[in-house]
Amino acid sequence: MNKIIGLILLALAACSSFAEERDTNEIVNVHEQDVAMNAAMLHANQSLETFTERLQNPQEGDSDFALKVKISDEHGVEHFWVTDIAITPDGFEGVVANEARTVEVVDIGHKIKFARDLVSDWSYDSHGVKQGAFTLRVLLKMMPEDQAAYYRKTVGWD
């Protein structure tokens with residue numbers, strides 16, 4: 001049976017100066033066996049060192065460091081953006097940046113600790129342009145053009 005995972009979108013762009021009335025917890029459901037999405041999550045996890053190096057040595061114009069983290073419980077699986085990232089001996093900790101829609105073990109504002117292997121994406125802004133965000137790049141291809149245009153503009157890819 002193909003399970004569906006929820007991928008939160010807008011929390012990634014919530015701090016952007018580009019404003020439009022949208023659900024700040026917008027979610028896209030993706031089959032857990034989606035090849036492109038799994039490749040994006042694997043790439044993000046394997047390139048995590050790029051993120052951690054920049055987090056530890058931010059450059060002028062860098063902001064909004066975030067990790068997308070896989071959280072699961074008996075209700076399902078969701079991937080949450082987590083902000084206020086700190087590196088710990090066992091992985092990372094940070095604050096959940098969006099509301100849960102499926103799982104009940106976390107919600108917006110919860111401080112969580114998580115292992116590196118649960119990271120499904122990373123991002124930060126450099127002079128207003130989103131870096132990383134590999135899962136968003138895949139999701140843009142799945143959504144209606146007006147929605148994709150909104151996200152491209154929001155993250156500085158227009």
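Just the heavy atoms: all of them, side chains too, but no hydrogens, waters or symmetry mates, feed the values below.
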Engineer: Below 4.5 Å, heavy atoms only, C-beta onward: do L48 and L67 meet side chain to side chain?
Structural biologist: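 Side chain of L48 against side chain of L67, heavy atoms only: contact under 4.5 Å found.
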Engineer: What distance do T102 atom OG1 and E74 atom CD have between them, rounded to the nearest 0.5 Å?
Structural biologist: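 With rounding to 0.5 Å, OG1 (T102) is 12.0 Å from CD (E74).
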Engineer: Looking at D121 and A44, what are the two nearest heavy atoms and their distance?
Structural biologist: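 Where D121 meets A44 most closely, the heavy atoms are CA-CB, 3.5 Å.
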Engineer: Enter the distance from E78:CD to D73:CG here, rounded to the nearest 0.5 Å.
Structural biologist: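 Rounded to the nearest 0.5 Å, the CD-CG separation comes to 8.5 Å.
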Engineer: How many angstroms lie between atom CG of D117 and atom CG of N45, to the nearest 0.5 angstrom?
Structural biologist: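 The distance works out to 7.0 Å.
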Engineer: Are W157 and V129 close enough that some pair of their side-chain heavy atoms sits under 4.5 Å apart?
Structural biologist: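 W157 vs V129: side chains touch.
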Engineer: Could you give the distance from CG (L140) to CZ (R137), rounded to the nearest 0.5 Å?
Structural biologist: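 Here the interatomic distance stands at 8.5 Å.
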Engineer: So do N38 and V35 actually touch side chain to side chain, heavy atoms under 4.5 Å?
Structural biologist: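 No, side chains not in contact.
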Engineer: Check whether the side chains of S120 and H79 place a donor and an acceptor atom closer than 3.5 Å, and report yes or no.
Structural biologist: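 The answer is yes; a qualifying pair exists.
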Engineer: Is any side-chain heavy atom of V96 less than 4.5 Å from a side-chain heavy atom of D107?
Structural biologist: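 No, every pair of side-chain atoms sits at 4.5 Å or beyond.
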Engineer: Could you tell me whether K111 and E93 have a side-chain N and a carboxylate O separated by less than 4.0 Å?
Structural biologist: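 Between E93 and K111 there is a salt bridge, with a charged N closer than 4.0 Å to a carboxylate O.
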Engineer: Would you say the side chain of L136 lies within less than 4.5 Å of the side chain of V155, judging by non-hydrogen atoms?
Structural biologist: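 In contact.
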Engineer: How about W122 and F134: are their ring centroids closer than 6.0 Å?
Structural biologist: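 W122 vs F134: aromatic centres under 6.0 Å.
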Engineer: Given side chains that start at C-beta, do those of L118 and F92 come closer than 4.5 Å, heavy atoms only?
Structural biologist: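 Not touching, per the 4.5 Å side-chain cut-off.
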Engineer: Evaluate E145 against R152 for salt bridge (charged side-chain N to carboxylate O under 4.0 Å, His left out), listing each step before the verdict.
Structural biologist: CA-CA 10 Å; E145 182 50 38; R152 282 192 301 272; 2.3 Å; yes
Engineer: In terms of the angle between their ring planes, are F51 and F65 parallel, tilted or perpendicular, with boundaries placed at 30° and 60°?
Structural biologist: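 F51 and F65: perpendicular rings.
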Engineer: Calculate, to the nearest 0.5 Å, the distance between atoms NZ and CE belonging to K141 and M37 respectively.
Structural biologist: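 So the NZ of K141 and the CE of M37 are separated by 10.0 Å.
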Engineer: About how many Å separate NZ of K68 and CG of N98, when rounded to the nearest 0.5 Å?
Structural biologist: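 Here the rounded value is 9.0 Å.
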Engineer: Check the pair D64 / T83 against side chain to side chain contact (heavy atoms under 4.5 Å, CB included), numbers first and verdict last.
Structural biologist: CA-CA 7 Å; D64 299 331; T83 59; over 6 Å; no
Engineer: Please report the C-alpha distance between F114 and K70 in whole Å, then the side-chain angles of each, then the deciding distance to 0.1 Å, and finally whether the side chain to side chain contact (heavy atoms under 4.5 Å, CB included) criterion is met.
Structural biologist: CA-CA 9 Å; F114 50 95; K70 178 182 177 180; over 6 Å; no
Engineer: Start with the C-alpha gap between V103 and F80, add the side-chain angles, then the distance that decides, and say whether side chain to side chain contact (heavy atoms under 4.5 Å, CB included) holds.
Structural biologist: CA-CA 10 Å; V103 301; F80 292 87; 3.6 Å; yes
Engineer: Taking the basic N atoms (NZ, or NE/NH1/NH2) and the acidic carboxylate oxygens, is any pair closer than 4.0 Å for K130 and D125?
Structural biologist: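 Between D125 and K130 there is a salt bridge, with a charged N closer than 4.0 Å to a carboxylate O.
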Engineer: Any side-chain heavy atom of T135 sitting closer than 4.5 Å to one from M41?
Structural biologist: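 Yes, close enough: below the 4.5 Å cut-off.
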Engineer: If we only count heavy atoms from C-beta on, is the I71 to I112 side-chain gap below 4.5 Å?
Structural biologist: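 With C-beta onward as the side chain, the pair touches.
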Engineer: The test is salt bridge (charged side-chain N to carboxylate O under 4.0 Å, His left out); show your working for D62 and R54 and say whether it passes.
Structural biologist: CA-CA 9 Å; D62 287 354; R54 196 66 171 247; 2.5 Å; yes
